[in-house]
Undergrad: 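Sending over a structure as structure tokens; questions will come in a sec.
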Amino acid sequence: MNRETIYAVVDLETTGTNIKDGDRIIQFGCALVQNGKIIQTISQDVNPLRDVPNKIQHLTHISADQLEFAPIFEDLAPTLVEILSGTVFVAHNINFDLPFLNGELARVGQEPLELDGIDTVELAQIILPEAPSYRLQDLTQLLSIEHDNPHQADSDALVTAKLLLKLMARLRELPLVTLAKLSELGTGLLRQTGDLFTAIYDQMQEQSQPLIPELLIRENIALHKDQPTDFTLYPGEQYAAEYPHDEAAKKALLKPHLKWRKAQATMMDFIADNYQSEQPQPILIEAATGLGKTLGYLLPYSYLMSSTKKLVVATSTTLLQDQILTQARPLLEKLIGRPVLAEVVKSPRHYIDLHRFTLSLQLPHKNRLTRLLQMKILIWLTQTVTGDLDELNLTSYQTPFFINIRHRGVASLDPQAPFYQDDFLRRLTKRQQQAELLVTNHAYLAEHASDQQTWGERPYLVVDEAQSMIFNVQSIAQQTWSLSRWQLWAQKGLQYTTTTQSNNLATLFPPKTAENRSLKYLHKTLTKLTRTLTALETYLKTSFDVRDQQRPITDRYLNPDEVIQFVNGCQREFKHLNRELLTIQDHFLALRYSLEQQLERYAASDLSVWQAFENEINLLLADVEHYQRFEQLFIAVKPQEQHALSIQSIQPAQPSQLPQFKLQWQLVSAGTQMQSLLQHFEPVTLTGATLAVNGQFTYLKREFGFDDDQPLMTKKLRSPFHFKQQARFLIATDGPVQKELTPNDYQRQIARQILTLVTNNPHQTLILFNANQTLEQVYYALAHAGLSLDREVLAQGVTGSAEKITKRFMLGHDAVLLATSSFMAGIDFPESALEMVILVQLPFDAPNAVQTKVRYAQLTAQGQNPFKTEALPKATIRFRQAFGRLIRTSDDRGVFVCLDPRLLTTQYGQQMCRALPASLPQKAAPVTTIRELIDLFWLNSD
């Protein structure tokens, strides 16, 4: 590839995806690119001599009449071969277009094209590392490329050619050190995609271009420089030195930027008055959707917080953290007339360790995905100023590669290491110390409440989406530890440290050296670890009779006396585990340090053995954090506290599978821990849109550990929305009843009803599930029915992580998003970003889950009804949250559909219905009628 190379950018429209099943090309589009310009475009309809499925006609807008008089492929084939010969074949998903075209050529007696090929999907994944989606229509929108006729070959080929040119231009802007590394790593990409990086590197070597001022080079890695921040606060022209207590002053402050909302002003005053009293109290505010809750608490606190007395805001998701920093903070700054120093606080594992990443580049990686990720990160490092790996929008960060390169915390850094001064986490830690507003998530706050180094001494605290925190509160005092997984990792580690094995580490570390002695200690300690784990498992099985061979899954719940027996009986094994883990970590780190200092000594084959070993040990060491949290609960156990321990044994369904043995440990009620957490802060502000059940805060108060004698001021603020005009609530009278059906039949019926509601209904739709398994099976059923040909169908955990699919959904126009209960709270999809919510099931906890069984048993022992005390309040709050996703602004319109007939047939279902706004129009009908009502609603809304 060089400047004179002609790139043939091709797109095909076909009757289907499988040429062996008789699918055929119906349209050929091509744009020829040379010397940075599009020199020719070709578009040709093709008569497939067979019917074109209606769904393909609907997708492509290519009708059967249009194709009737078009030439057949046999007549076009010689011309296409002549056009494409000698070019580099380019396509958006080349492994579909090129094989399909070659299949058609072979069918009509032509020789297949033997061309170099470039995949623009993979190219874009590398060059645009932060893009939320790599679909062609999303990339064209991101890069401002006009795309008039998506899913037509001529239009798709032309915009793919423009995409290729923009991607090549971005490559030419990269520093040479980055291009050199990309060229080196590109050998593992699809077809000849990697050769493009080499070609552009060779071209740019001929030119002398200085490094742009925003970048620096460290250890042959190009990094974006830290952005200096002026930490001195300068009052603006409208700076208000004191909180505006009277209504006129508040209106004057808010009017230029915000619509006046009486309820929002009431919330502001409630918080401000509390902290101006002699003895501020904890407060709880239910602030309905549309009230402007975030500014409702940020504004009054902005007159209290400082770098020495910070405000900590805890939200339910990292996505909400970003919204506060990127949307709410700039608005607050305009209101108060001064900059607000704010930073995010989350676990170090979200950030890249530059030293560890650089080392990964020196190790051989045969895995194509790992090479692609390394290339993606190299370009990302020239752009990011945070080093937050979440910016990459990946589906999963749990691969061995990411476990290796993620940060271990500032304490793990070597001050003498090359990247110490440029470390992202060090920079962030300094900014956090100078900040006045820190935004974190519930889970991080729960585990690090006492971290004064981060929060400062007794900062202010707002728990936003407080109802979500109580749902996650059990995770504060709940840990699962898999003994089977540790056994597997230890056994694999032993394979590499045993000298009798062919692929072992002895060849890397010669006899009579310190490294060889470390290797022997490592092998010896891994052997001890397997014995300790075996002894612990044997003790648990024999002491508590976990031996039911008749069932594939055995759950054994220990009563309080048995918990104490467990604590006393396992002390020795846990002491051994701690000692062995420390020894393994010390010797592993010693070996890795030695290897890193002498990388040039080792052949690629030697380094491959080390890398395979390191992956196994890192999996073990990465899981130590879970074990340590488990052990903290284990050590902290007191006989008077309510603890629960479940021992789970899973027998494999197949002989090739391994049995699983794990422990789940929890405090049954975390109210005490929640109160302990709150003691580190000034009196808390708890807020959210759905905190009350039947108009009362009893459930939330109990879960946060507030008793009747403790002061807690409360306030309910109503929504300003006109639900009668803005929304409809529709209940399916013929929704499937899960307990009456097999899982497969239930999932099929749900998929059929969803298809009835969403087919040819172009409104953005969120579908909420209780169970991941149901979500996954319904997703595949919808895809099989062809829904994904007509519109983008996203599924949490299947097509991407929650953060990734949220960003992709926001880009959509008629997308369908399948998600779990984590999407019921705190995520804003305003106006046309979300226009229909389908709730598949009433959001009750799974009754067979370990923590649910134990919790209900405890409540029963206390003489309480678990359903009324626990299950129904939680489900009612979630039900309100699900509806709350729909109407987020006064301009929103939308339909809320529930497919669970229990809303109609049970007393508790009718009670849950009454939890929604009284002005919301409700109607029960069969799904086919609901579909008609939806169409009528939108017809009347236009």
Side-chain angles (χ1 to χ4, degrees), residues 1 3-15 19 23-49 52 56-57 59-121 123 136-137 139-140 145-168 191-192 196:
M1 298 178 195
R3 287 189 177 87
E4 301 306 315
T5 296
I6 297 176
Y7 299 92
V9 186
V10 174
D11 185 77
L12 307 177
E13 299 300 334
T14 66
T15 60
I19 198 168
D23 286 320
R24 298 288 179 259
I25 293 173
I26 58 175
Q27 197 175 64
F28 173 88
C30 178
L32 299 179
V33 174
Q34 187 180 36
N35 277 322
K37 296 180 180 179
I38 297 172
I39 59 173
Q40 185 180 356
T41 59
I42 301 137
S43 176
Q44 180 62 60
D45 291 340
V46 184
N47 188 334
L49 298 177
V52 180
I56 297 296
Q57 293 188 50
L59 176 68
T60 63
H61 303 291
I62 300 172
S63 67
D65 292 342
Q66 179 181 336
L67 301 175
E68 184 177 356
F69 299 106
I72 61 175
F73 188 80
E74 284 90 333
D75 295 338
L76 289 171
T79 303
L80 298 183
V81 170
E82 182 179 352
I83 291 170
L84 296 174
S85 295
T87 67
V88 173
F89 192 98
V90 181
H92 204 68
N93 188 10
I94 193 172
N95 280 348
F96 171 77
D97 293 272
L98 184 53
F100 201 104
L101 180 59
N102 275 334
E104 284 276 62
L105 290 172
R107 181 179 63 81
V108 300
Q110 292 276 352
E111 289 294 319
L113 293 165
E114 294 185 2
L115 303 174
D116 286 352
I118 293 174
D119 182 50
T120 51
V121 174
L123 206 58
L136 184 59
Q137 64 191 69
L139 290 171
T140 55
I145 300 172
E146 289 188 15
H147 194 181
D148 297 329
N149 299 298
H151 302 296
Q152 291 205 7
D154 53 349
S155 177
D156 284 355
L158 180 61
V159 299
T160 303
K162 293 178 179 178
L163 170 65
L164 175 67
L165 290 172
K166 282 185 175 278
L167 294 177
M168 293 170 74
R191 299 184 183 266
Q192 288 72 43
L196 182 65

Undergrad: T120 and H92: side chain to side chain donor-acceptor pair (under 3.5 Å), yes or no, with the steps?
TA: CA-CA 5 Å; T120 51; H92 204 68; 2.8 Å; yes
Undergrad: Could you give the distance from CG (L84) to CZ (F28), rounded to the nearest 0.5 Å?
TA: 4.5 Å
Undergrad: Keeping D97 on the side-chain end and A91 on the backbone end, is there a donor-acceptor pair under 3.5 Å?
TA: no
Undergrad: Would a 4.5 Å heavy-atom cut-off, applied to side chains only, mark Q137 and V159 as touching?
TA: no
Undergrad: Please walk me through it: do D119 and N95 pass side chain to side chain contact (heavy atoms under 4.5 Å, CB included)?
TA: CA-CA 8 Å; D119 182 50; N95 280 348; over 6 Å; no
Undergrad: Yes or no on side chain to side chain contact (heavy atoms under 4.5 Å, CB included) for V10 and V90, after CA distance, side-chain angles and deciding distance?
TA: CA-CA 6 Å; V10 174; V90 181; over 6 Å; no
Undergrad: Could you tell me the separation between the CD atom of Q57 and the CG atom of L67, rounded to the nearest 0.5 Å?
TA: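 Those atoms lie 8.0 Å apart.
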Undergrad: I'd like to check E111 versus V81 (side-chain heavy atoms, cut-off strictly below 4.5 Å). Are they in contact?
TA: no
Undergrad: Would you please name every residue forming a side-chain hydrogen bond (donor to acceptor under 3.5 Å, both in side chains) with T15, sequence neighbours left out?
TA: D23
Undergrad: Show the numbers, then the answer: is there a side chain to side chain donor-acceptor pair (under 3.5 Å) between D45 and Q66?
TA: CA-CA 8 Å; D45 291 340; Q66 179 181 336; 2.9 Å; yes
Undergrad: Looking at Q34 and E4, would you say the former's side chain and the latter's main chain have a donor-acceptor pair under 3.5 Å?
TA: yes
Undergrad: Taking atom types as modelled, is there a side-chain donor on R24 or N47 under 3.5 Å from an acceptor on the other?
TA: no
Undergrad: How many angstroms lie between atom CG of L158 and atom OG of S43, to the nearest 0.5 angstrom?
TA: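 Here the interatomic distance stands at 10.5 Å.
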Undergrad: Among I83, L32, V33, find the residue that satisfies the side chain to side chain contact (heavy atoms under 4.5 Å, CB included) test when tested with I6.
TA: L32
Undergrad: A side-chain contact here means heavy atoms from C-beta on lying under 4.5 Å apart; do I118 and I94 qualify?
TA: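 Sidechains of I94 and I118: no contact.
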Undergrad: Report yes if the side chains of T60 and Q27 come closer than 4.5 Å at any heavy-atom pair, otherwise no.
TA: no
Undergrad: State plainly whether the residues R107 and E74 are in salt-bridge range, i.e. N to O under 4.0 Å.
TA: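 Salt bridge flag = yes for E74 with R107.
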Undergrad: Rounded to the nearest 0.5 Å, what separation is found between the CG atom of L101 and the SG atom of C30?
TA: 10.0 Å
Undergrad: Please test I145 against K166 for side chain to side chain contact (heavy atoms under 4.5 Å, CB included), starting from the C-alpha separation and ending with a verdict.
TA: CA-CA 10 Å; I145 300 172; K166 282 185 175 278; 3.7 Å; yes
Undergrad: Given side chain to side chain contact (heavy atoms under 4.5 Å, CB included), test V9 with F89 step by step and report yes or no.
TA: CA-CA 6 Å; V9 186; F89 192 98; over 6 Å; no
Undergrad: Any chance you could measure L105, atom CG, to I25, atom CD1, to the nearest 0.5 Å?
TA: 7.5 Å
Undergrad: Is there a side-chain contact between I26 and I56 (heavy atoms, below 4.5 Å)?
TA: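 Counting from C-beta outward, I26 and I56 do come under 4.5 Å.
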Undergrad: Which value, rounded to the nearest 0.5 Å, describes the distance between D116 atom CG and Y7 atom OH?
TA: 10.0 Å
Undergrad: By the definition side chain to side chain contact (heavy atoms under 4.5 Å, CB included), identify the one residue from V88, L98, L115 that meets it with R191.
TA: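 Testing each of V88, L98, L115 against R191, the sole residue satisfying side chain to side chain contact (heavy atoms under 4.5 Å, CB included) is L98.
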Undergrad: If we only count heavy atoms from C-beta on, is the L123 to L196 side-chain gap below 4.5 Å?
TA: yes
Undergrad: For residues Q192 and G117, report the shortest heavy-atom separation together with the two atoms involved.
TA: OE1-N, 2.7 Å
Undergrad: Distance-only, no hydrogens or angles: does the D11 side chain make a donor-acceptor pair with backbone N or O of G29 under 3.5 Å?
TA: no
Undergrad: Does a side-chain heavy-atom distance below 4.5 Å link F96 with T14?
TA: yes
